[in-house]
Amino acid sequence: MDIATKFLLMVLILLNFSALASSRMKAVIRLTAIQGAVLGLLLLSVHRHFGITIILMCLLTITIKSIIIPHLLDRAMREVNIRREVEPILGFVPSLALGGASTAFAFYFSQALPLADPHPSSLIPPASISTIFAGFLFLTTRTKAISQVLGYLILENGIFVFGLLLVGKIPFMVEIGVLLDLFVAVFVMGIILNHIQRTFSSIDMDILSELKE
Amino acid sequence: MRIMQILQALILLAAPPLGIGIVNKTKAWFAGRRGPSLFQLYYDLFKLFRKGMAISKTTTGIFFIGAASCLATPLLAGLMVPLGFPSAAVSFQGDLFVFAYLLGLGRFLTAAAALDTGSSFEGMGASRELTFSSLGEPAFFLGFIVLAMITGSISFTEIFSGLSKPPDMTTSAILLLAASWLIVLLAENCRIPFDDPNTHLELTMIHEVMVLDHSGPALGFILYGAAIKLFIMASLLVDVILIVLPVTVWIKWLAYAAGILLLYAGIGVIESIMARLKLVNVPKLLISSILLSGFAVVLLLR
(Lines give C-alpha, C1' and ligand atoms only; values in the text may rest on other atoms or scores of the structure.)
Protein backbone atom coordinates (compact mmCIF):
# COMPACT_ATOMS: atom_id res chain seq x y z
CA MET A 1 0.00 0.00 0.00
CA ASP A 2 1.67 3.17 -1.06
CA ILE A 3 0.74 6.67 -0.03
CA ALA A 4 -1.05 7.61 -3.26
CA THR A 5 -3.44 4.64 -3.14
CA LYS A 6 -4.23 5.27 0.51
CA PHE A 7 -4.86 8.94 -0.15
CA LEU A 8 -7.15 8.22 -3.12
CA LEU A 9 -9.18 5.67 -1.13
CA MET A 10 -9.63 8.13 1.70
CA VAL A 11 -10.78 10.80 -0.75
CA LEU A 12 -13.26 8.24 -2.08
CA ILE A 13 -14.77 7.66 1.36
CA LEU A 14 -14.91 11.38 2.13
CA LEU A 15 -16.70 11.93 -1.19
CA ASN A 16 -19.32 9.40 -0.06
CA PHE A 17 -19.91 11.41 3.08
CA SER A 18 -20.28 14.67 1.24
CA ALA A 19 -22.67 13.08 -1.27
CA LEU A 20 -24.81 11.80 1.59
CA ALA A 21 -24.89 15.25 3.16
CA SER A 22 -25.75 17.43 0.18
CA SER A 23 -29.24 18.12 -1.02
CA ARG A 24 -28.46 19.70 -4.37
CA MET A 25 -28.59 17.35 -7.34
CA LYS A 26 -25.94 19.29 -9.18
CA ALA A 27 -23.50 18.96 -6.28
CA VAL A 28 -24.07 15.20 -6.03
CA ILE A 29 -23.61 14.78 -9.79
CA ARG A 30 -20.32 16.64 -9.56
CA LEU A 31 -19.26 14.52 -6.57
CA THR A 32 -19.88 11.28 -8.48
CA ALA A 33 -17.90 12.75 -11.39
CA ILE A 34 -14.94 13.39 -9.07
CA GLN A 35 -15.36 9.89 -7.69
CA GLY A 36 -15.10 8.52 -11.23
CA ALA A 37 -11.86 10.42 -11.77
CA VAL A 38 -10.51 9.08 -8.46
CA LEU A 39 -11.33 5.55 -9.61
CA GLY A 40 -9.39 6.08 -12.82
CA LEU A 41 -6.37 7.33 -10.89
CA LEU A 42 -6.69 4.39 -8.48
CA LEU A 43 -6.28 2.01 -11.41
CA LEU A 44 -2.96 3.67 -12.19
CA SER A 45 -1.73 3.77 -8.59
CA VAL A 46 -2.65 0.15 -7.79
CA HIS A 47 -0.94 -1.05 -10.98
CA ARG A 48 2.76 -0.57 -10.78
CA HIS A 49 3.58 -1.33 -14.42
CA PHE A 50 1.92 0.96 -16.92
CA GLY A 51 0.86 -1.30 -19.80
CA ILE A 52 -1.17 -0.06 -22.72
CA THR A 53 -4.32 -1.80 -21.41
CA ILE A 54 -4.07 -0.12 -18.01
CA ILE A 55 -3.70 3.33 -19.48
CA LEU A 56 -6.58 2.63 -21.85
CA MET A 57 -8.74 1.41 -18.95
CA CYS A 58 -7.89 4.49 -16.92
CA LEU A 59 -8.75 6.85 -19.77
CA LEU A 60 -11.99 4.99 -20.53
CA THR A 61 -13.05 4.98 -16.89
CA ILE A 62 -12.42 8.68 -16.52
CA THR A 63 -14.15 9.53 -19.81
CA ILE A 64 -17.26 7.49 -19.09
CA LYS A 65 -17.59 7.94 -15.34
CA SER A 66 -16.58 11.53 -14.93
CA ILE A 67 -17.42 13.17 -18.27
CA ILE A 68 -20.13 11.35 -20.24
CA ILE A 69 -22.38 10.05 -17.45
CA PRO A 70 -22.39 13.33 -15.45
CA HIS A 71 -23.15 15.15 -18.68
CA LEU A 72 -26.11 12.83 -19.36
CA LEU A 73 -27.37 13.27 -15.82
CA ASP A 74 -26.98 17.02 -16.03
CA ARG A 75 -29.13 17.04 -19.11
CA ALA A 76 -31.72 14.75 -17.54
CA MET A 77 -31.81 17.01 -14.51
CA ARG A 78 -32.36 20.08 -16.64
CA GLU A 79 -35.15 18.43 -18.62
CA VAL A 80 -37.12 17.14 -15.66
CA ASN A 81 -36.36 20.38 -13.85
CA ILE A 82 -35.43 18.94 -10.46
CA ARG A 83 -32.81 20.93 -8.61
CA ARG A 84 -32.74 19.42 -5.17
CA GLU A 85 -33.93 16.56 -3.03
CA VAL A 86 -36.57 18.24 -0.88
CA GLU A 87 -37.97 15.53 1.35
CA PRO A 88 -35.78 12.45 1.62
CA ILE A 89 -37.22 9.52 3.59
CA LEU A 90 -34.30 9.79 5.98
CA GLY A 91 -32.98 13.27 6.85
CA PHE A 92 -29.51 14.39 5.80
CA VAL A 93 -27.98 14.38 9.27
CA PRO A 94 -29.21 10.85 10.17
CA SER A 95 -28.10 9.50 6.80
CA LEU A 96 -24.68 11.11 7.32
CA ALA A 97 -24.47 9.47 10.75
CA LEU A 98 -25.55 6.13 9.28
CA GLY A 99 -22.90 6.52 6.58
CA GLY A 100 -20.27 7.04 9.29
CA ALA A 101 -21.50 4.02 11.24
CA SER A 102 -21.50 1.85 8.13
CA THR A 103 -17.93 2.94 7.35
CA ALA A 104 -16.82 1.88 10.81
CA PHE A 105 -18.68 -1.41 10.29
CA ALA A 106 -17.00 -1.86 6.90
CA PHE A 107 -13.57 -1.52 8.51
CA TYR A 108 -14.53 -4.06 11.16
CA PHE A 109 -16.19 -6.43 8.69
CA SER A 110 -13.37 -6.42 6.15
CA GLN A 111 -10.97 -7.77 8.77
CA ALA A 112 -13.18 -10.83 9.11
CA LEU A 113 -13.16 -11.54 5.36
CA PRO A 114 -11.08 -14.51 4.24
CA LEU A 115 -8.95 -12.60 1.74
CA ALA A 116 -5.81 -13.77 0.00
CA ASP A 117 -2.53 -12.83 1.56
CA PRO A 118 -1.48 -9.27 0.72
CA HIS A 119 -5.02 -7.90 0.85
CA PRO A 120 -6.26 -8.06 4.49
CA SER A 121 -4.06 -5.15 5.51
CA SER A 122 -4.97 -2.98 2.55
CA LEU A 123 -7.54 -0.22 2.60
CA ILE A 124 -9.30 -1.43 -0.54
CA PRO A 125 -11.92 -3.84 0.93
CA PRO A 126 -13.19 -1.47 3.64
CA ALA A 127 -13.26 1.48 1.23
CA SER A 128 -15.19 -0.59 -1.28
CA ILE A 129 -17.70 -1.95 1.24
CA SER A 130 -18.27 1.48 2.74
CA THR A 131 -18.87 2.96 -0.73
CA ILE A 132 -21.35 0.17 -1.51
CA PHE A 133 -23.16 0.90 1.76
CA ALA A 134 -23.27 4.61 1.00
CA GLY A 135 -24.72 3.81 -2.44
CA PHE A 136 -27.39 1.59 -0.89
CA LEU A 137 -28.25 4.27 1.64
CA PHE A 138 -28.54 6.84 -1.12
CA LEU A 139 -30.61 4.48 -3.25
CA THR A 140 -33.11 3.61 -0.54
CA THR A 141 -33.61 6.87 1.30
CA ARG A 142 -34.07 9.39 -1.49
CA THR A 143 -37.40 9.82 -3.24
CA LYS A 144 -36.50 11.42 -6.55
CA ALA A 145 -35.76 9.04 -9.39
CA ILE A 146 -32.66 10.97 -10.40
CA SER A 147 -31.11 10.56 -6.93
CA GLN A 148 -31.72 6.86 -7.21
CA VAL A 149 -29.70 6.83 -10.41
CA LEU A 150 -26.95 8.63 -8.49
CA GLY A 151 -27.17 6.06 -5.68
CA TYR A 152 -26.79 3.31 -8.25
CA LEU A 153 -23.69 5.03 -9.60
CA ILE A 154 -22.10 5.28 -6.15
CA LEU A 155 -22.92 1.61 -5.54
CA GLU A 156 -21.28 0.66 -8.81
CA ASN A 157 -18.21 2.72 -7.89
CA GLY A 158 -17.90 0.64 -4.72
CA ILE A 159 -18.02 -2.58 -6.75
CA PHE A 160 -15.39 -1.16 -9.10
CA VAL A 161 -13.09 -0.53 -6.12
CA PHE A 162 -13.50 -4.14 -5.02
CA GLY A 163 -12.51 -5.17 -8.53
CA LEU A 164 -9.17 -3.44 -7.97
CA LEU A 165 -8.17 -6.42 -5.80
CA LEU A 166 -8.36 -8.59 -8.89
CA VAL A 167 -6.52 -6.15 -11.08
CA GLY A 168 -4.64 -8.00 -13.80
CA LYS A 169 -6.76 -11.11 -13.29
CA ILE A 170 -9.95 -9.89 -14.95
CA PRO A 171 -9.62 -9.80 -18.71
CA PHE A 172 -9.67 -6.42 -20.33
CA MET A 173 -12.84 -7.19 -22.30
CA VAL A 174 -14.84 -7.97 -19.13
CA GLU A 175 -13.94 -4.65 -17.56
CA ILE A 176 -14.84 -2.76 -20.70
CA GLY A 177 -18.11 -4.71 -20.83
CA VAL A 178 -18.98 -3.65 -17.27
CA LEU A 179 -18.28 -0.02 -18.11
CA LEU A 180 -20.44 -0.29 -21.23
CA ASP A 181 -23.28 -1.85 -19.20
CA LEU A 182 -23.12 1.00 -16.73
CA PHE A 183 -23.14 3.55 -19.49
CA VAL A 184 -26.15 1.98 -21.18
CA ALA A 185 -27.99 1.67 -17.85
CA VAL A 186 -27.54 5.36 -17.07
CA PHE A 187 -28.45 6.28 -20.62
CA VAL A 188 -31.68 4.30 -20.45
CA MET A 189 -32.50 5.66 -17.02
CA GLY A 190 -32.04 9.19 -18.34
CA ILE A 191 -34.58 8.51 -21.09
CA ILE A 192 -37.00 6.77 -18.71
CA LEU A 193 -36.82 9.72 -16.34
CA ASN A 194 -37.88 11.96 -19.13
CA HIS A 195 -40.84 9.74 -20.02
CA ILE A 196 -41.97 9.42 -16.42
CA GLN A 197 -41.85 13.17 -16.13
CA ARG A 198 -43.90 13.65 -19.28
CA THR A 199 -46.54 11.07 -18.28
CA PHE A 200 -46.96 11.75 -14.59
CA SER A 201 -45.60 15.31 -14.39
CA SER A 202 -43.47 14.27 -11.40
CA ILE A 203 -40.57 11.93 -10.78
CA ASP A 204 -41.31 11.44 -7.12
CA MET A 205 -41.00 7.73 -6.39
CA ASP A 206 -43.58 7.83 -3.61
CA ILE A 207 -46.30 8.62 -6.13
CA LEU A 208 -45.25 5.82 -8.45
CA SER A 209 -46.34 3.00 -6.16
CA GLU A 210 -49.18 1.67 -8.32
CA LEU A 211 -48.88 -0.01 -11.68
CA LYS A 212 -51.43 1.01 -14.27
CA GLU A 213 -51.91 0.26 -17.89
CA MET B 1 13.07 26.73 31.39
CA ARG B 2 11.51 29.30 33.73
CA ILE B 3 12.23 32.01 31.16
CA MET B 4 10.51 30.01 28.44
CA GLN B 5 7.39 29.64 30.55
CA ILE B 6 7.25 33.38 31.27
CA LEU B 7 7.86 34.10 27.59
CA GLN B 8 4.97 31.84 26.59
CA ALA B 9 2.65 33.50 29.10
CA LEU B 10 3.63 36.91 27.69
CA ILE B 11 2.99 35.75 24.12
CA LEU B 12 -0.38 34.43 25.24
CA LEU B 13 -1.26 37.80 26.72
CA ALA B 14 0.07 39.99 23.93
CA ALA B 15 -0.37 38.21 20.61
CA PRO B 16 -4.08 37.27 20.30
CA PRO B 17 -5.54 40.71 19.40
CA LEU B 18 -2.98 40.97 16.60
CA GLY B 19 -4.41 37.73 15.15
CA ILE B 20 -7.88 39.26 14.92
CA GLY B 21 -6.21 42.22 13.20
CA ILE B 22 -4.69 39.86 10.60
CA VAL B 23 -8.08 38.24 9.93
CA ASN B 24 -9.74 41.62 9.47
CA LYS B 25 -6.91 42.90 7.29
CA THR B 26 -7.23 39.85 5.02
CA LYS B 27 -10.98 40.39 4.75
CA ALA B 28 -10.46 44.06 3.96
CA TRP B 29 -7.88 43.18 1.30
CA PHE B 30 -10.36 40.80 -0.33
CA ALA B 31 -13.05 43.47 -0.32
CA GLY B 32 -10.66 46.05 -1.79
CA ARG B 33 -10.77 48.26 1.30
CA ARG B 34 -7.83 49.48 3.31
CA GLY B 35 -9.45 48.18 6.48
CA PRO B 36 -8.79 48.88 10.14
CA SER B 37 -5.26 48.92 11.49
CA LEU B 38 -3.64 45.64 12.50
CA PHE B 39 -3.65 46.88 16.07
CA GLN B 40 -7.29 47.98 16.10
CA LEU B 41 -8.36 45.49 18.77
CA TYR B 42 -5.66 46.78 21.14
CA TYR B 43 -7.08 50.32 20.75
CA ASP B 44 -10.63 49.02 21.23
CA LEU B 45 -9.71 47.11 24.36
CA PHE B 46 -7.86 50.14 25.78
CA LYS B 47 -10.93 52.29 25.10
CA LEU B 48 -13.34 49.76 26.63
CA PHE B 49 -11.31 49.28 29.81
CA ARG B 50 -11.49 53.01 30.55
CA LYS B 51 -15.27 53.19 30.14
CA GLY B 52 -18.02 52.80 32.70
CA MET B 53 -20.56 49.99 32.55
CA ALA B 54 -24.29 50.14 31.96
CA ILE B 55 -25.78 47.26 33.92
CA SER B 56 -29.31 45.94 33.63
CA LYS B 57 -31.33 45.93 36.86
CA THR B 58 -32.33 42.30 36.42
CA THR B 59 -28.78 40.97 36.54
CA THR B 60 -27.08 39.38 39.53
CA GLY B 61 -23.50 38.49 40.34
CA ILE B 62 -23.48 35.72 37.74
CA PHE B 63 -23.40 38.37 35.04
CA PHE B 64 -19.97 39.55 36.24
CA ILE B 65 -18.68 36.03 36.83
CA GLY B 66 -19.63 35.23 33.23
CA ALA B 67 -17.69 38.17 31.85
CA ALA B 68 -14.66 37.44 34.02
CA SER B 69 -14.63 33.72 33.19
CA CYS B 70 -14.77 34.60 29.52
CA LEU B 71 -11.26 36.00 29.89
CA ALA B 72 -9.96 33.77 32.70
CA THR B 73 -10.73 30.33 31.29
CA PRO B 74 -9.06 30.77 27.86
CA LEU B 75 -6.02 32.27 29.60
CA LEU B 76 -5.68 29.30 31.94
CA ALA B 77 -6.34 26.80 29.16
CA GLY B 78 -3.81 28.57 26.94
CA LEU B 79 -1.06 27.98 29.48
CA MET B 80 -1.31 24.25 28.76
CA VAL B 81 -0.73 24.52 25.02
CA PRO B 82 2.89 24.59 23.86
CA LEU B 83 3.11 27.70 21.69
CA GLY B 84 5.74 26.22 19.42
CA PHE B 85 8.10 25.67 22.35
CA PRO B 86 9.27 22.21 23.43
CA SER B 87 7.08 22.35 26.53
CA ALA B 88 4.00 24.25 27.65
CA ALA B 89 4.02 26.72 30.52
CA VAL B 90 1.92 24.33 32.61
CA SER B 91 2.03 20.64 31.92
CA PHE B 92 0.90 17.50 33.71
CA GLN B 93 -0.60 14.12 32.81
CA GLY B 94 -4.16 14.55 31.58
CA ASP B 95 -3.94 18.28 30.99
CA LEU B 96 -5.88 17.98 27.75
CA PHE B 97 -9.04 17.11 29.66
CA VAL B 98 -8.55 20.11 31.93
CA PHE B 99 -8.02 22.18 28.78
CA ALA B 100 -11.27 21.00 27.18
CA TYR B 101 -13.32 21.44 30.33
CA LEU B 102 -11.89 24.87 31.10
CA LEU B 103 -13.19 25.97 27.71
CA GLY B 104 -16.47 24.21 28.53
CA LEU B 105 -16.67 26.03 31.88
CA GLY B 106 -16.15 29.37 30.17
CA ARG B 107 -18.92 28.54 27.70
CA PHE B 108 -21.28 27.49 30.48
CA LEU B 109 -20.72 30.66 32.47
CA THR B 110 -21.13 32.86 29.38
CA ALA B 111 -24.44 31.14 28.67
CA ALA B 112 -25.45 31.51 32.32
CA ALA B 113 -24.62 35.23 32.18
CA ALA B 114 -26.73 35.55 29.04
CA LEU B 115 -29.67 33.89 30.80
CA ASP B 116 -29.07 36.12 33.81
CA THR B 117 -29.99 39.23 31.83
CA GLY B 118 -33.55 37.95 31.61
CA SER B 119 -33.85 38.72 27.90
CA SER B 120 -35.54 35.99 25.88
CA PHE B 121 -33.41 36.95 22.89
CA GLU B 122 -30.20 36.21 24.78
CA GLY B 123 -31.72 32.98 26.09
CA MET B 124 -32.23 31.92 22.48
CA GLY B 125 -28.58 32.69 21.74
CA ALA B 126 -27.43 30.68 24.75
CA SER B 127 -29.53 27.73 23.64
CA ARG B 128 -28.09 27.85 20.11
CA GLU B 129 -24.53 28.16 21.36
CA LEU B 130 -24.84 25.17 23.67
CA THR B 131 -26.57 23.04 21.02
CA PHE B 132 -23.79 23.58 18.52
CA SER B 133 -20.94 23.27 20.98
CA SER B 134 -22.36 19.96 22.20
CA LEU B 135 -21.86 18.75 18.63
CA GLY B 136 -18.36 20.21 18.45
CA GLU B 137 -17.16 18.53 21.63
CA PRO B 138 -17.26 14.90 20.36
CA ALA B 139 -15.09 15.92 17.41
CA PHE B 140 -12.65 17.55 19.82
CA PHE B 141 -12.47 14.50 22.07
CA LEU B 142 -12.18 12.03 19.22
CA GLY B 143 -9.22 14.16 18.15
CA PHE B 144 -7.70 13.72 21.62
CA ILE B 145 -8.17 9.97 21.27
CA VAL B 146 -6.31 10.08 17.93
CA LEU B 147 -3.43 12.03 19.48
CA ALA B 148 -3.28 9.70 22.49
CA MET B 149 -3.25 6.64 20.22
CA ILE B 150 -0.46 8.05 18.08
CA THR B 151 1.84 9.15 20.88
CA GLY B 152 0.69 7.07 23.83
CA SER B 153 0.40 10.11 26.05
CA ILE B 154 -2.35 12.32 27.49
CA SER B 155 -0.36 15.48 28.04
CA PHE B 156 -0.01 18.18 25.38
CA THR B 157 3.69 18.64 26.00
CA GLU B 158 4.53 14.97 25.41
CA ILE B 159 2.11 14.69 22.49
CA PHE B 160 3.61 17.64 20.66
CA SER B 161 7.23 16.79 21.41
CA GLY B 162 7.18 14.95 18.10
CA LEU B 163 7.19 11.39 16.87
CA SER B 164 10.31 9.31 16.72
CA LYS B 165 9.13 7.06 13.90
CA PRO B 166 5.80 7.70 12.21
CA PRO B 167 3.79 4.48 11.91
CA ASP B 168 1.80 3.54 8.86
CA MET B 169 -1.45 5.48 9.10
CA THR B 170 -0.30 8.42 11.21
CA THR B 171 -0.02 11.06 8.51
CA SER B 172 -3.45 10.45 7.06
CA ALA B 173 -5.02 10.32 10.52
CA ILE B 174 -3.39 13.63 11.43
CA LEU B 175 -4.60 15.28 8.22
CA LEU B 176 -8.18 14.12 8.88
CA LEU B 177 -7.88 15.33 12.44
CA ALA B 178 -6.64 18.73 11.28
CA ALA B 179 -9.58 19.08 8.87
CA SER B 180 -11.99 18.14 11.63
CA TRP B 181 -10.47 20.56 14.13
CA LEU B 182 -10.50 23.38 11.60
CA ILE B 183 -14.30 23.03 11.43
CA VAL B 184 -14.50 22.93 15.23
CA LEU B 185 -12.25 25.99 15.47
CA LEU B 186 -14.51 27.98 13.14
CA ALA B 187 -17.62 26.86 15.02
CA GLU B 188 -16.27 27.44 18.53
CA ASN B 189 -14.97 30.89 17.73
CA CYS B 190 -18.11 31.92 15.85
CA ARG B 191 -16.30 32.57 12.58
CA ILE B 192 -18.13 32.80 9.30
CA PRO B 193 -19.64 29.62 8.02
CA PHE B 194 -21.28 29.36 11.43
CA ASP B 195 -21.69 32.85 12.78
CA ASP B 196 -20.57 36.31 11.81
CA PRO B 197 -18.54 38.07 14.50
CA ASN B 198 -19.37 41.47 12.98
CA THR B 199 -23.14 41.45 12.74
CA HIS B 200 -25.79 42.12 15.28
CA LEU B 201 -28.63 40.88 13.10
CA GLU B 202 -31.11 38.72 14.91
CA LEU B 203 -31.78 35.75 12.72
CA THR B 204 -28.55 33.85 12.48
CA MET B 205 -26.69 35.14 15.49
CA ILE B 206 -25.33 32.48 17.80
CA HIS B 207 -22.53 33.77 19.93
CA GLU B 208 -22.98 37.49 19.44
CA VAL B 209 -26.48 37.40 20.94
CA MET B 210 -25.15 36.43 24.32
CA VAL B 211 -22.91 39.45 24.71
CA LEU B 212 -25.40 42.18 23.73
CA ASP B 213 -25.95 43.34 27.29
CA HIS B 214 -22.28 43.68 28.16
CA SER B 215 -20.63 47.05 27.97
CA GLY B 216 -17.39 48.78 28.95
CA PRO B 217 -14.80 46.60 30.68
CA ALA B 218 -17.09 43.53 30.62
CA LEU B 219 -17.34 43.73 26.84
CA GLY B 220 -13.56 44.25 26.75
CA PHE B 221 -13.08 41.04 28.75
CA ILE B 222 -15.28 39.16 26.31
CA LEU B 223 -13.54 40.49 23.18
CA TYR B 224 -10.10 39.83 24.66
CA GLY B 225 -11.14 36.35 25.83
CA ALA B 226 -12.55 35.52 22.38
CA ALA B 227 -9.28 36.59 20.73
CA ILE B 228 -7.30 34.41 23.16
CA LYS B 229 -9.59 31.44 22.56
CA LEU B 230 -9.10 31.74 18.81
CA PHE B 231 -5.34 32.01 19.36
CA ILE B 232 -5.04 28.89 21.51
CA MET B 233 -7.22 26.78 19.24
CA ALA B 234 -5.19 27.96 16.25
CA SER B 235 -2.00 27.04 18.15
CA LEU B 236 -3.40 23.61 18.87
CA LEU B 237 -4.20 23.07 15.21
CA VAL B 238 -0.74 24.20 14.07
CA ASP B 239 0.90 22.05 16.77
CA VAL B 240 -1.05 19.02 15.54
CA ILE B 241 0.17 19.54 11.99
CA LEU B 242 3.74 20.05 13.24
CA ILE B 243 3.69 16.57 14.81
CA VAL B 244 4.39 14.99 11.44
CA LEU B 245 7.24 17.35 10.58
CA PRO B 246 10.45 16.19 12.24
CA VAL B 247 12.25 19.47 12.92
CA THR B 248 14.58 20.91 15.49
CA VAL B 249 13.61 23.39 18.18
CA TRP B 250 14.27 26.74 16.54
CA ILE B 251 13.03 25.78 13.10
CA LYS B 252 9.98 24.35 14.81
CA TRP B 253 9.26 27.68 16.45
CA LEU B 254 9.60 29.50 13.12
CA ALA B 255 7.36 26.90 11.46
CA TYR B 256 4.87 27.40 14.27
CA ALA B 257 4.85 31.18 13.86
CA ALA B 258 4.49 30.90 10.09
CA GLY B 259 1.72 28.34 10.56
CA ILE B 260 -0.21 30.62 12.89
CA LEU B 261 0.06 33.57 10.49
CA LEU B 262 -1.05 31.37 7.57
CA LEU B 263 -3.96 29.99 9.59
CA TYR B 264 -5.18 33.47 10.51
CA ALA B 265 -4.88 34.60 6.90
CA GLY B 266 -6.70 31.38 5.89
CA ILE B 267 -9.55 32.17 8.28
CA GLY B 268 -9.76 35.60 6.65
CA VAL B 269 -9.91 33.98 3.21
CA ILE B 270 -12.63 31.54 4.34
CA GLU B 271 -14.63 34.44 5.77
CA SER B 272 -14.27 36.37 2.51
CA ILE B 273 -15.25 33.65 0.07
CA MET B 274 -17.93 31.79 2.02
CA ALA B 275 -21.44 32.80 2.95
CA ARG B 276 -22.87 32.07 6.33
CA LEU B 277 -24.63 28.71 6.51
CA LYS B 278 -28.33 28.42 7.09
CA LEU B 279 -28.92 27.60 10.73
CA VAL B 280 -30.37 24.18 9.88
CA ASN B 281 -27.19 23.29 7.99
CA VAL B 282 -24.84 24.02 10.90
CA PRO B 283 -25.33 20.63 12.61
CA LYS B 284 -24.61 18.90 9.29
CA LEU B 285 -21.15 20.45 9.08
CA LEU B 286 -20.43 19.73 12.75
CA ILE B 287 -21.48 16.09 12.35
CA SER B 288 -19.15 15.78 9.40
CA SER B 289 -16.33 17.06 11.62
CA ILE B 290 -17.22 14.28 14.10
CA LEU B 291 -17.15 11.83 11.20
CA LEU B 292 -13.71 13.06 10.10
CA SER B 293 -12.13 12.52 13.51
CA GLY B 294 -14.06 9.28 13.97
CA PHE B 295 -12.68 8.11 10.65
CA ALA B 296 -9.18 9.00 11.84
CA VAL B 297 -9.72 6.83 14.92
CA VAL B 298 -10.95 3.95 12.73
CA LEU B 299 -7.86 4.26 10.53
CA LEU B 300 -5.60 3.99 13.56
CA LEU B 301 -7.50 1.05 15.03
CA ARG B 302 -6.54 -1.15 12.11
Side-chain angles (χ1 to χ4, degrees), chain A residues 1-24 27 31 84-88 90-113 119-127 129-131 133-134 137, chain B residues 128 131-132 134-139 141-143 145-146 149-150 165-184 187 193-194 241 244-245 274-275 277-302:
Chain A
M1 280 303 271
D2 61 327
I3 302 275
T5 313
K6 236 183 268 170
F7 176 75
L8 286 172
L9 288 170
M10 270 169 47
V11 170
L12 191 83
I13 294 179
L14 294 183
L15 283 172
N16 292 339
F17 289 153
S18 33
L20 280 175
S22 60
S23 65
R24 280 169 203 276
L31 286 170
R84 46 171 55 210
E85 180 78 44
V86 186
E87 279 177 343
L90 192 67
F92 294 105
V93 172
S95 66
L96 196 56
L98 257 181
S102 69
T103 303
F105 172 74
F107 272 85
Y108 173 74
F109 177 65
S110 65
Q111 279 176 330
L113 284 179
H119 299 312
S121 63
S122 85
L123 216 50
I124 290 179
I129 294 170
S130 120
T131 311
F133 272 131
L137 209 58
Chain B
R128 283 177 180 174
T131 309
F132 295 142
S134 73
L135 287 173
E137 203 161 276
F141 268 91
L142 282 170
I145 293 177
V146 170
M149 280 168 78
I150 288 174
K165 183 166 62 90
D168 197 25
M169 293 288 183
T170 307
T171 315
S172 18
I174 293 246
L175 285 181
L176 285 171
L177 171 61
S180 157
W181 275 12
L182 179 64
I183 298 175
V184 175
F194 298 95
I241 294 171
V244 286
L245 300 177
M274 279 186 82
L277 286 177
K278 267 196 288 183
L279 210 59
V280 288
N281 284 340
V282 169
K284 225 194 268 179
L285 196 55
L286 283 171
I287 291 216
S288 38
S289 84
I290 298 178
L291 279 182
L292 285 174
S293 2
F295 188 32
V297 174
V298 168
L299 276 182
L300 287 174
L301 275 178
R302 278 169 67 73

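Letters A, B, ... mirror the listed sequences (proteins, then strands); counts begin at 1.
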When every non-hydrogen atom of A:Met10 is compared with those of B:Ser172, the smallest separation belongs to SD-CB, 3.4 Å
At what distance, to the nearest 0.5 angstrom, does CG of A:Asn16 lie from CG of B:Leu291?
-> 11.5 Å
Contact part of B:Leu175 toward chain A, heavy-atom cut-off under 4.5 Å: side chain, backbone, both or neither?
-> neither
Nearest-0.5 Å distance that lies between atom NZ in A:Lys6 and atom OG1 in B:Thr171 | 7.5 Å
Side-chain atoms of residues 96-106 of chain A: list all donor-acceptor pairs with protein atoms under 3.5 Å, sequence neighbours left out, distances to 0.1 Å.
unit_1	atom_1	unit_2	atom_2	d
A:Ser102	OG	A:Leu98	O	3.3
A:Ser102	OG	A:Gly99	O	2.9
A:Thr103	OG1	A:Gly99	O	2.9

Rounded to the nearest 0.5 Å, the CD1 atom of A:Ile13 sits from the CG atom of B:Leu176 at a distance of 9.5 Å
Nearest 0.5 Å, what's the CG-CZ distance between B:Leu292 and A:Phe17?
-> 8.0 Å
Count the heavy atoms of every other residue, nucleotide or ligand shown that sit under 6.0 Å from CZ of A:Phe109, and state whether that count exceeds 12.
-> no
Any side-chain heavy-atom pair of A:Tyr108 and B:Val298 under 4.5 Å = no
